[in-house]
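Inspection log for the structure reproduced underneath, given as structure tokens.
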2 protein chains.
Amino acid sequence: MTAQARGLHAHVLDSLGPAITAGEYPPGSVLRTDELAQRFEVSRSVMREVVRVLESMHLVASRRRVGVTVLPTAEWNVYDPQVIRWRLAGADRPRQLRSLTVLRSAVEPVAAGLAARHASAEQCAALTESALGMVATSRGRRLEAYLVHDIAFHRVVLDASGNEMFARLGDVVAEILAGRTHHDVMFEDPDPAAVTLHVRVAEAVREGDAPRAEALTREIAEGALRELDILAPPR
Amino acid sequence: MTAQARGLHAHVLDSLGPAITAGEYPPGSVLRTDELAQRFEVSRSVMREVVRVLESMHLVASRRRVGVTVLPTAEWNVYDPQVIRWRLAGADRPRQLRSLTVLRSAVEPVAAGLAARHASAEQCAALTESALGMVATSRGRRLEAYLVHDIAFHRVVLDASGNEMFARLGDVVAEILAGRTHHDVMFEDPDPAAVTLHVRVAEAVREGDAPRAEALTREIAEGALRELDILAPPR
DNA sequence: CGTGGCCAAAAAGTCAGACTTTTACATCAC
DNA sequence: GTGATGTAAAAGTCTGACTTTTTGGCCACG
């Protein structure tokens with residue numbers, strides 16, 4: 001079973017949440033707690049807890065006498081990791097991936113610049129190690145091993161920035177990178193130029209060269225955007 | 001009354017949430033649902049809903065036989081608008097404000113660049129109007145009126161970027177700007193240079209000059225960071 | 001024909017109590 | 001000391017009754 005023991009409410013949430021983010025209940029739709037409770041075969045108390053959580057994510061609004069209304073997309077807490085996961089698993093995955101990659105392209109260069117100033121010796125070591133790992137697995141269809149190092153690299157950069165908001169984007173970046181490898185077909189070995197850029201970012205951070213770290217990371221990000229334009233053209 | 005009619009659970013949440021984010025219950029603290037229900041004089045069902053919401057924000061984790069554990073800060077959903085508000089209202093407001101301003105400095109320039117490409121005629125008009133409003137209220141201690149235009153300006157830029165993730169940061173930026181005006185003492189009129197920069201950003205966006213819009217916005221952001229360094233030095 | 005107030009029903013909100021399930025911890029045998 | 005076992009504590013679940021708010025219709029009155 002897929003995490004059944006995590007509680008009844010979590011199970012219902014994992015079913016209803018994706019349904020809403022996928023647009024199965026278009027904005028404006030009205031649901032009733034009692035009806036939902038019956039549909040999912042749980043008690044009203046459990047369903048109420050689920051609705052409360054969805055409400056806290058601004059996916060729905062609950063009003064007396066009218067019911068539970070699905071809110072327009074513009075209201076959703078799109079930074080909630082749970083919501084991100086649900087949407088990445090759903091139909092508008094491509095659009096979502098693009099939004100997130102653009103966010104990445106804005107955040108990561110600045111984070112790298114800060115990392116160059118604040119990174120500890122351990123973080124520099126971890127960064128270099130990850131970069132070397134990427135080099136070592138960049139040829140011979142070792143995409144899975146490469147992915148591990150790639151994720152580790154970007155996580156360290158975000159952590160080393162010393163900014164809490166940046167650090168919390170580590171999971172999002174991991175999700176994006178994993179998605180690129182697993183869903184969006186990636187037959188070939190990773191772009192050698194990108195691998196080199198990662199190595200050079202590690203160097204720049206180690207040397208405390210913030211402008212260079214930022215510029216190099218911007219190149220990586222632009223590469224990712226270009227790649228996305230090719231694999232999944234906008235519009 | 002301060003929004004008492006929003007439901008009992010919301011009231012309890014507004015009391016317990018800030019207490020947790022303020023560190024009144026340090027990470028690792030264990031609470032019991034029953035005890036909390038008694039303390040806040042609500043039924044267990046209400047308290048359970050509150051705990052569920054806090055759990056969805058990753059502020060706490062609920063485990064059988066042990067209770068409701070407060071999670072370490074690193075786990076919190078720091079992008080949740082509710083959490084942001086709670087933290088901005090609490091003791092570590094300065095640190096929080098810095099994190100968010102750094103995030104802004106990363107995001108807004110890129111958003112402005114995108115806005116220059118995607119902004120509609122209406123959005124360009126709104127932008128120019130806001131910039132003019134800022135000019136008109138930039139002298140004579142009309143800080144409140146200035147704030148309104150400032151918020152509107154940045155909101156339009158983020159919206160016009162066409163990126164959903166950027167657009168959702170409008171509230172955060174509004175919160176930051178409002179905080180700067182209201183809390184962190186701002187005796188003087190706004191920096192004339194900043195006002196001019198806003199006007200020029202509006203121009204660049206209208207002309208579709210993405211690099212210039214980005215560069216100018218980066219100047220605004222750097223100004224905001226410098227200002228923060230003066231008013232509330234780091235460390 | 002429109003306006004305003006009143007009533008009734010619908011749905012969420014709240015509560016109390018009984019029961020189940022998991023699990024940390026202590027105890028005991030080996 | 002190690003491992004099995006039992007117990008109790010806390011969350012989890014369910015049910016049913018009750019309260020509160022709000023919508024929308026209905027009717028009287030201007």
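Just so we're on the same page: letters track the sequence lines, and every chain starts at 1.
Atom CZ of A:Arg6 is separated from atom C1' of C:dT22 by 16 Å (rounded to the nearest Å). For the pair B:Leu13 CG and C:dG13 P, the interatomic distance rounds to 14 Å; values are reported in whole Å. In this structure, B:Arg48 atom CZ and D:dA11 atom P are separated by 8 Å, rounded to whole Å. Rounded to a whole Å, the CG atom of B:Leu8 is 13 Å from the C1' atom of C:dA12. Separating the CD atom of B:Glu55 from the P atom of D:dA11 is a distance of 11 Å, rounded to the nearest angstrom. Here D:dC14 presents its P atom at 14 Å from CZ of A:Phe40, a figure rounded to the nearest Å. To the nearest angstrom, C1' of D:dA10 lies 15 Å from CE of B:Met47. Between the CG atom of B:Leu54 and the P atom of D:dA11 there is a distance of 14 Å, rounded to whole Å.
Residues satisfying the side chain to side chain contact (heavy atoms under 4.5 Å, CB included) criterion with A:Ala174, sequence neighbours excluded, are A:Ile151, A:Arg155. Evaluation of the salt bridge (charged side-chain N to carboxylate O under 4.0 Å, His left out) rule for B:Arg63 yields no partner, not counting sequence neighbours. With sequence neighbours left out, A:Arg44 forms a salt bridge (charged side-chain N to carboxylate O under 4.0 Å, His left out) with no residue at all. Residues meeting the side chain to side chain contact (heavy atoms under 4.5 Å, CB included) test with B:Glu175, sequence neighbours left out: B:Arg85, B:Leu88. B:Glu75 is linked by a side chain to side chain contact (heavy atoms under 4.5 Å, CB included) to B:Leu71, B:Pro72, counting only residues two or more places apart in sequence or in another chain. For B:Asp14, the salt bridge (charged side-chain N to carboxylate O under 4.0 Å, His left out) partners at least two apart in sequence or on another chain are B:Arg6.
Using cut-offs of 30° and 60° on the angle between ring planes, the pair A:Tyr79 and B:Tyr79 is parallel.
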Please write out the pairs of protein N or O atoms and N or O atoms of nucleotides 16-20 of chain C separated by less than 3.5 Å, giving the distance to one decimal.
from   : atom 1 : to      : atom 2 : distance (Å)
C:dA18 : N6     : B:Arg44 : NH2    : 2.8

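In the model, B:Thr33 has no side-chain atom that pairs as donor or acceptor with a side-chain atom of B:Arg48 under 3.5 Å.
With the nearest nucleotide of DNA chain D identified for both A:Val46 and A:Val66, A:Val46 has the one nearer the 5' end.
Using a 4.0 Å cutoff on non-hydrogen atoms, the parts of residues 25-36 of chain B near DNA chain D are B:Leu31, B:Arg32, B:Thr33, B:Asp34, ordered by number.
Residue pairs meeting the ring pair (Phe, Tyr, Trp, His ring centres under 6.0 Å) criterion with at least one member in residues 28-77 of chain A: none, sequence neighbours excluded.
No hydrogens or angles were tested; on distance alone, a donor-acceptor pair under 3.5 Å links the side chain of B:Arg65 to the base of C:dA24.
Counting non-hydrogen atoms under 4.0 angstrom, B:Arg63 reaches the backbone sugars and phosphates but no base.
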